[in-house]
Number of protein chains: 2
Amino acid sequence: MKVLLVEDDPFHMGYLEEQVASALPEADEILLAHDGAEGEDLARRASVGAIVMDLQMKSRNGIEAARTIWSERPQTRILFWSNYADEAYLRGITRIVPEDCAYGYVLKTVSNERLHLALRSVLVQGQITIDREMHRIQKRKTEAGSALTDSEYAVLIDLALGLPDKEIARRHSMSLRTVQNRLLSLYDKLEVDGEEEPGLDGGVNKRVRALTRALLTRTLNVEALESAERARLEEIAASRGTV
Amino acid sequence: MKVLLVEDDPFHMGYLEEQVASALPEADEILLAHDGAEGEDLARRASVGAIVMDLQMKSRNGIEAARTIWSERPQTRILFWSNYADEAYLRGITRIVPEDCAYGYVLKTVSNERLHLALRSVLVQGQITIDREMHRIQKRKTEAGSALTDSEYAVLIDLALGLPDKEIARRHSMSLRTVQNRLLSLYDKLEVDGEEEPGLDGGVNKRVRALTRALLTRTLNVEALESAERARLEEIAASRGTV
DNA sequence: ATTCGACTTGCGGGAACCCGCAAATGCCTT
DNA sequence: AAGGCATTTGCGGGTTCCCGCAAGTCGAAT
């Protein structure tokens with residue numbers, strides 16, 4: 001069994017290597033990659049079936065690497081391990097995970113045993129394992145009434161890119177007023193207008209406020225913005241090509 | 001000589017400990033703290049004069065910890081070491097560093113020798129040392145015409161909090177039109193309106209766009225938003241108290 | 001002293017945003 | 001089939017934002 005580790009921090013890589021060696025005795029070949037691009041390359045070249053991947057990497061982030069890997073070999077099992085419990089990461093992953101594919105998400109702060117379990121459960125047993133920290137986040141949001149639907153999330157992304165309502169409506173082929181309704185529920189769920197502080201005549205800039213609230217609550221993160229930005233530029237280039 | 005290390009990642013802490021021990025033989029007492037709060041506490045209790053501190057920590061971030069430490073003992077020498085070369089961090093630091101105080105900023109990715117040099121130069125010699133990565137960033141921005149002045153930065157923060165122009169004007173006691181002028185130069189420097197993409201009737205929401213551009217270019221980061229938000233809440237509480 | 005440039009302020013209007021009101025559509029329950 | 005209930009869409013107008021134009025202030029350079 002081949003296992004590929006993708007991680008750009010040398011200390012974490014060292015630790016990870018040890019843990020994988022001890023948790024997965026059946027791993028007779030352990031490959032190392034130090035950024036997303038190298039990871040994609042190695043996964044392709046060596047036909048790796050099991051991967052442990054960091055999410056935050058400078059050259060190419062884990063979600064993007066995972067997308068190309070999965071698009072080439074959808075059965076690849078990937079365990080993501082990350083410093084942060086951001087909803088945006090989990091959302092980014094669930095958005096691209098293929099049907100019937102095993103994956104997992106653990107935080108770097110978990111104990112050895114938890115990491116061991118996650119490694120075996122995802123890479124060997126083919127389970128889907130999400131760190132309970134993340135589930136807690138999701139739960140908290142739903143019960144606080146702030147679970148974004150997919151279409152709300154999509155609108156939030158477009159808002160964050162600075163698109164005006166009209167353009168958002170066009171991109172999702174919905175009416176202008178519907179976009180505004182989405183925005184209303186976003187403002188509600190993100191608690192824009194929270195508590196109506198005094199010393200403020202009641203108004204804030206809702207669009208901007210929604211964005212910063214999303215960032216502060218970890219509903220969105222800067223990496224998600226970056227890839228959305230890239231995606232948009234590609235889309236524009238493509239449409240320019242067809243015109 | 002007492003040295004305090006503040007770092008919440010155990011691997012990095014281990015490495016840092018080794019490096020400090022070998023680079024600073026005069027350090028006869030090395031104290032460890034695992035988050036900002038603990039760091040403040042130890043610094044106060046042990047009257048530490050030299051600190052190496054991580055910037056990203058969950059419980060209390062390095063800049064805030066540094067502020068309270070410096071407010072109590074302005075002569076404390078602090079070397080910040082960080083994963084990211086964000087302008088926002090450097091700006092946050094230079095904003096709070098006392099007169100005639102030694103400090104430094106190095107990235108975690110630098111070589112042992114560079115870290116050695118920074119340790120000796122800042123903590124022993126009392127120099128000011130900024131990693132050249134950061135200088136490169138600052139230079140790039142100035143020559144690209146995008147160095148924000150302090151007042152522009154201040155307006156950017158308020159904008160990011162979602163405040164309307166009128167409120168920003170009040171907080172900085174400038175006229176509404178002046179705020180708008182600041183915003184104009186912000187839009188310019190942050191390259192809102194970049195290249196007028198086709199497929200877009202020419203308009204974007206400038207406020208939101210300015211914020212995401214600032215985030216994407218690392219002019220601003222989420223931690224800066226968090227502390228700005230906290231500061232604003234405190235200010236409101238204070239004003240409520242006086243009323 | 002004069003000129004110049006950088007900054008501030010007011011005015012005014014076009015565009016975008018925010019949102020209440022109300023009609024239309026589609027799905028679920030009974 | 002007949003009522004809810006959620007979602008979508010249009011309309012209208014109040015507010016904020018964006019910004020060109022023009023007049024005023026202030027310090028620095030000539």
Side-chain angles (χ1 to χ4, degrees), chain A residues 142 145-197 199-214, chain B residues 142 145-197 199-214:
Chain A
T142 47
S146 18
L148 302 193
T149 65
D150 283 348
S151 75
E152 281 163 355
Y153 188 77
V155 169
L156 174 60
I157 293 281
D158 284 357
L159 176 148
L161 292 179
L163 305 184
D165 295 3
K166 205 194 311 179
E167 176 69 6
I168 302 179
R170 197 187 58 69
R171 279 160 64 94
H172 299 292
S173 40
M174 45 172 85
S175 93
L176 203 149
R177 191 56 231 268
T178 301
V179 172
Q180 295 175 326
N181 282 333
R182 289 275 142 75
L183 289 176
L184 282 191
S185 55
L186 273 177
Y187 298 153
D188 185 36
K189 292 184 178 176
L190 292 171
E191 299 174 65
V192 176
D193 284 329
E195 317 136 36
E196 274 312 318
E197 304 301 347
L200 202 136
D201 48 15
V204 294
N205 185 306
K206 312 239 173 169
R207 307 201 126 215
V208 175
R209 189 68 189 156
L211 175 52
T212 77
R213 290 285 310 158
Chain B
T142 47
S146 18
L148 302 193
T149 65
D150 283 348
S151 75
E152 283 163 353
Y153 188 76
V155 169
L156 174 59
I157 294 280
D158 284 357
L159 176 149
L161 292 180
L163 304 184
D165 295 2
K166 205 193 314 177
E167 176 69 6
I168 301 179
R170 197 188 57 70
R171 279 160 64 93
H172 300 290
S173 39
M174 46 172 84
S175 92
L176 202 149
R177 191 57 230 269
T178 301
V179 172
Q180 295 174 327
N181 282 334
R182 290 275 143 75
L183 289 176
L184 281 191
S185 55
L186 273 178
Y187 298 153
D188 185 37
K189 292 183 178 176
L190 292 171
E191 298 174 66
V192 175
D193 285 330
E195 316 137 36
E196 274 312 319
E197 306 300 348
L200 202 135
D201 48 15
V204 294
N205 185 307
K206 312 239 172 170
R207 306 200 128 217
V208 174
R209 189 68 188 155
L211 175 51
T212 78
R213 290 284 311 156

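What you are looking at is a predicted structure, and each value in this text was computed from that prediction instead of being measured. Chain letters run A, B, ... following the sequence lines, proteins first, then strands; residues in each count from 1.
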Shortest non-hydrogen contact between B:L159 and B:I168, atoms and distance | N-CD1, 4.0 Å
By side-chain hydrogen bond (donor to acceptor under 3.5 Å, both in side chains) - contacts of B:N181 (at least two apart) | B:R177
Are the side chain of B:S185 and the backbone of B:R182 linked by a donor-acceptor contact shorter than 3.5 Å?
-> yes
B:L190 has an atom CG; how far is it from atom P of D:dC18, in whole Å?
-> 13 Å
Gap between atoms CG and C1', on A:L186 and C:dC19 respectively (whole Å) = 15 Å
Estimate the overall bend of the helix from C:dA1-D:dT30 to C:dT30-D:dA1 from the end axes over five pairs each, rounded to 10 degrees.
-> 30°
Nearest-angstrom distance from the residue atom CG of A:L183 to P of D:dT7 = 15 Å
A:I168 CD1 to C:dC18 P, straight-line distance once rounded to whole Å = 10 Å
Side chain to side chain contact (heavy atoms under 4.5 Å, CB included) involving B:T149 - partner list, sequence neighbours excluded | B:S151, B:E152, B:K189
Working to the nearest 0.5 Å, report the span between CD1 of B:I157 and CG of B:L211.
-> 9.5 Å
Return no unless some side-chain N or O of B:K206 is found under 4.0 Å from OP1 or OP2 of C:dA16.
-> no
Spatial distance of atom NZ (A:K166) from atom CZ (A:R171) [nearest 0.5 Å] = 15.5 Å
Out of C:dA16, D:dC19, C:dC19, which nucleotide sits closest to the side chain of A:K166?
-> C:dA16
Distances under 3.5 Å only, N/O to N/O: pair up the protein atoms with those of nucleotides 5-11 of chain C.
| from | atom 1 | to | atom 2 | distance (Å) |
| --- | --- | --- | --- | --- |
| C:dT8 | OP1 | B:R182 | NH2 | 2.7 |
| C:dT8 | OP2 | B:R182 | NH2 | 2.7 |
| C:dT9 | OP2 | B:S175 | N | 2.9 |
| C:dT9 | OP2 | B:S175 | OG | 3.3 |
| C:dT9 | OP2 | B:T178 | OG1 | 2.3 |
| C:dT9 | O5' | B:S175 | OG | 3.2 |
| C:dG10 | O6 | B:R177 | NH1 | 3.0 |

Which atom of B:V192 lies closest to which atom of B:R209, heavy atoms considered = CG1-CG, 3.8 Å
Mind checking what makes side chain to side chain contact (heavy atoms under 4.5 Å, CB included) contact with A:A214, not counting sequence neighbours?
-> A:L156, A:L190, A:T219, A:L220
For the atom pair NE2 (B:H172) and CG (B:D158), what is the distance rounded to the nearest 0.5 Å?
-> 3.5 Å
Separation of A:H172 atom NE2 from D:dT8 atom P, in whole Å?
-> 13 Å
Atom-to-atom span, CG of A:N205 to P of C:dA16 - whole angstrom | 15 Å
